[in-house]
There are 2 protein chains.
Amino acid sequence: MLHPAIKVACIDCKLHGTCMPSGCSEHDLERLDPLVSTRRKIRRGQTLFTHGERFTSLYAIRSGFFKTCLSTEDGRYQVSGFQMAGEIIGLDGIVNDRHSCDAVALEDAEVCVMPFDRFEEIAREVTSLHTHVYKIMSREIVRDHTVMLQLGSMRAEERLASFLLNLLHRQHARGFSRSELILRMTREEIGSHLGMKLETVSRTFSKFVVEGLLQVKHRHVRVLNAQALQALANHPAHGHGATHAA
Amino acid sequence: MLHPAIKVACIDCKLHGTCMPSGCSEHDLERLDPLVSTRRKIRRGQTLFTHGERFTSLYAIRSGFFKTCLSTEDGRYQVSGFQMAGEIIGLDGIVNDRHSCDAVALEDAEVCVMPFDRFEEIAREVTSLHTHVYKIMSREIVRDHTVMLQLGSMRAEERLASFLLNLLHRQHARGFSRSELILRMTREEIGSHLGMKLETVSRTFSKFVVEGLLQVKHRHVRVLNAQALQALANHPAHGHGATHAA
DNA sequence: CGACACCTTGAAGAGGTTCAAGAAATGTGG
DNA sequence: CCACATTTCTTGAACCTCTTCAAGGTGTCG
């Protein structure tokens with residue numbers, strides 16, 4: 001469903017500090033205009049693209065919240081990440097001209113559609129755009145590394161602490177609270193992302209509550225002791241994580 | 001240590017099907033020449049770059065074998081990947097102008113140094129180069145997703161099977177055996193990469209041997225039953241992996 | 001040849017999973 | 001707006017995989 005969207009230029013968008021054109025000069029910003037061909041609304045539960053689907057565009061999230069899911073032929077399935085306003089999704093599709101994951105809206109959302117071929121045209125003139133996309137992709141790689149660290153060398157509590165802090169951080173960078181959080185995803189989705197079962201997620205939340213780190217009411221989370229959370233995420237408790245030897 | 005390397009143009013390099021310029025036209029290939037400013041030899045155990053170090057160049061591996069390691073201030077440490085000839089490392093450094101991981105040679109190696117600013121100059125003329133780097137970065141992202149799947153939803157046996165098949169696949173794509181493998185890394189490094197302890201890696205190898213899947217002599221591995229390995233990597237054994245529900 | 005790094009294997013223990021049941025939210029249709 | 005069905009979340013108890021600790025074996029390199 002393509003909507004006859006009200007045209008909003010990048011230059012007028014509140015997100016342009018966070019989103020695609022961040023780093024472009026004011027002058028270049030105007031020339032970015034034709035980059036966004038349309039905007040598209042996605043209802044909660046609907047997919048923006050699915051794996052196997054032909055890659056045509058990158059998407060900048062204007063509003064709403066997404067998850068991206070990896071899946072394999074044999075039915076393995078995992079949430080690879082959660083994306084919020086100002087972030088770019090679809091980068092995985094560039095290599096093979098096909099998307100390799102599913103993007104699902106966890107709440108009603110709107111995205112800016114940026115056709116990749118048009119993007120390359122524009123970048124021929126606005127060369128700073130290339131640099132910017134390199135940075136975006138590089139950032140994605142570094143982020144994935146963070147997830148690898150979570151999955152590979154943290155125990156359950158540490159993963160959840162680190163995950164919550166990450167969400168809070170990104171939310172705060174967008175001008176929202178640093179201590180309060182509405183989870184847009186289920187315990188199962190959190191678990192899938194962090195490589196643990198939904199029961200473990202739930203139990204870990206409960207433990208944090210008992211210890212006075214959090215206040216949790218279903219999807220509503222309030223941080224009571226940020227330092228302790230941080231410490232959990234940062235200080236391997238002798239347990240699971242390998243520490244540097246060489 | 002910069003070596004007064006014998007200049008070898010991309011066009012003459014045996015790897016140009018796998019490496020940076022793959023996908024470039026023969027004509028463009030020549031113009032890629034000035035991309036590689038120098039080559040650099042790295043002895044086994046030496047680092048090509050370390051986290052925090054200023055990012056200047058991408059590196060194409062001409063020969064040898066590397067590991068890349070993530071580490072955090074608090075001493076957490078993890079092998080994020082292993083790289084072989086024809087692969088590009090350093091992409092993580094683009095975002096912040098600083099490398100975010102260490103690259104260590106696991107055997108004597110040689111890399112082509114590609115200064116990033118020079119790269120951007122050349123790409124201004126050879127525009128196909130931009131597209132190519134997008135693809136390389138996108139491939140990196142997709143690969144990282146594979147690792148996330150391994151770490152997040154496979155059990156120890158499945159991880160190791162999947163890991164070995166991946167190494168074999170990449171090796172085979174370079175014209176080497178599909179069933180025999182010399183491991184360049186220790187059990188500890190494999191474990192670090194796969195989120196398991198070295199003892200578990202060792203035990204799992206032993207189990208594969210008992211079951212007739214592999215023949216293992218220290219670093220030398222021979223696959224006896226590739227199908228069974230594949231089945232392990234592909235068919236979640238009811239155990240740990242989440243399967244698609246929605 | 002001897003020192004050192006690397007690998008294997010065993011036994012005990014911990015962290016997380018599985019299975020199960022019930023409680024709390026959310027959504028639906030009358 | 002309320003009753004009901006459904007989804008989501010919580011909690012308990014038994015079990016299992018992987019880790020931890022420990023000791024001995026194997027290979028490698030000066």
Side-chain angles (χ1 to χ4, degrees), chain A residues 43-45 67 76 78-79 106-108 150-161 182-210 214-221 232 236-243 245-246, chain B residues 43-45 67 78-79 104 106-108 150-161 182-210 214-221 232 236-243 245-246:
Chain A
R43 290 228 159 279
R44 173 160 176 263
K67 67 171 175 181
R76 250 187 261 269
Q78 182 167 340
V79 174
L106 293 182
E107 59 178 5
D108 292 357
Q150 289 179 334
L151 292 172
S153 56
M154 290 187 180
R155 31 180 56 257
E157 295 178 31
E158 295 165 348
R159 290 182 205 186
L160 189 60
I182 307 280
L183 298 172
R184 261 69 191 216
M185 69 296 281
T186 66
R187 303 291 193 255
E188 184 172 19
E189 286 161 335
I190 295 174
S192 170
H193 180 55
L194 296 179
M196 49 208 255
K197 296 285 135 186
L198 70 98
E199 293 94 332
T200 310
V201 175
S202 181
R203 269 186 254 271
T204 308
F205 268 125
S206 302
K207 189 166 186 222
F208 285 171
V209 171
V210 169
L214 298 182
Q215 201 175 306
V216 179
K217 247 192 226 151
H218 309 279
R219 304 267 179 114
H220 190 131
V221 175
L232 260 181
H238 84 286
H240 191 235
T243 47
Chain B
R43 290 230 158 279
R44 173 158 175 265
K67 68 171 175 181
Q78 182 168 342
V79 174
V104 182
L106 293 181
E107 58 178 4
D108 292 357
Q150 289 179 336
L151 292 173
S153 56
M154 290 185 179
R155 28 180 55 255
E157 292 179 33
E158 294 166 348
R159 290 183 205 184
L160 189 61
I182 308 279
L183 297 172
R184 260 69 191 218
M185 70 295 281
T186 66
R187 303 291 193 253
E188 183 171 21
E189 286 161 336
I190 295 175
S192 170
H193 180 54
L194 298 178
M196 48 207 257
K197 296 285 134 183
L198 69 101
E199 293 94 330
T200 310
V201 175
S202 181
R203 269 186 255 272
T204 309
F205 268 125
S206 302
K207 190 167 185 220
F208 286 171
V209 170
V210 169
L214 297 182
Q215 201 175 307
V216 178
K217 247 190 225 152
H218 309 279
R219 305 267 179 116
H220 190 131
V221 176
L232 259 181
H238 84 282
H240 189 236
T243 46

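Proteins come first, then strands; the chains are lettered A, B, ... in the order of their sequence lines, and each starts at number 1. Quick note: numbers below take in every heavy atom, side chains included, and nothing from hydrogens, waters or symmetry partners.
- Residue K197(A) contributes atom NZ, which lies 22 Å from atom P of dA14(D) at whole-angstrom precision.
- Atom CD in E189(B) sits about 8 Å away from atom P in dC6(C), given to the nearest Å.
- Using a 4.5 Å heavy-atom cutoff, the side chains of H193(B) and L151(B) are not in contact.
- Remark: T200(A) is not in phosphate contact with dG16(C), judged by side-chain N or O atoms under 4.0 Å from OP1 or OP2.
- Base engagement by R203(A) is indicated by at least one non-hydrogen atom pair under 4.0 Å involving a base atom.
- Each of H218(A) and A156(A) lies near DNA chain C, and the nucleotide nearest A156(A) is the one positioned closer to the 5' end.
- H220(A) places its NE2 atom 14 Å from the P atom of dA25(C), with the value rounded to the nearest Å.
- T186(B) comes within 4.0 angstrom of the backbone, heavy atoms only, and of no base.
- Atom CG in L198(A) sits about 8 Å away from atom C1' in dC9(D), given to the nearest Å.
- For R155(B), whose side chain is taken as the heavy atoms from C-beta onward, the closest listed nucleotide among dC18(D), dT19(D), dC9(D) is dC18(D).
- If you measure from atom CD of E188(B) to atom P of dT8(C), you get 13 Å, rounded to the nearest angstrom.
- Of all heavy-atom pairs between R159(B) and Q150(B), the closest is NE-O, 3.2 Å.
- At least one side-chain heavy atom of I190(A) sits under 4.5 Å from a side-chain heavy atom of L183(A).
- Counting only heavy atoms from C-beta outward, the side chains of F205(B) and V201(B) approach each other to under 4.5 Å.
- Atoms CG (L194(A)) and P (dT17(C)) sit 11 Å apart, rounded to a whole Å.
- In terms of phosphate contacts, S206(A) brings a side-chain nitrogen or oxygen within less than 4.0 Å of OP1 or OP2 of dT11(D).
- Partners of E157(A) by side-chain contact (heavy atoms from CB on, under 4.5 Å), not counting sequence neighbours, listed by chain and number: T204(A), K207(A), F208(A), L232(A).
- Distance, F208(A) CZ to dC9(D) C1': 17 Å, rounded to whole Å.
- Residue R219(A) places its side chain closer to dC9(D) than to any other of dA20(C), dC9(D), dT8(C).
- Judged by distance alone, with hydrogens and angles left aside, R44(A) brings no side-chain donor or acceptor close enough to the base of dT26(C) to form a pair under 3.5 Å.
- The nearest whole Å value for the distance from the CG atom in L160(A) to the C1' atom in dG15(C) is 15 Å.
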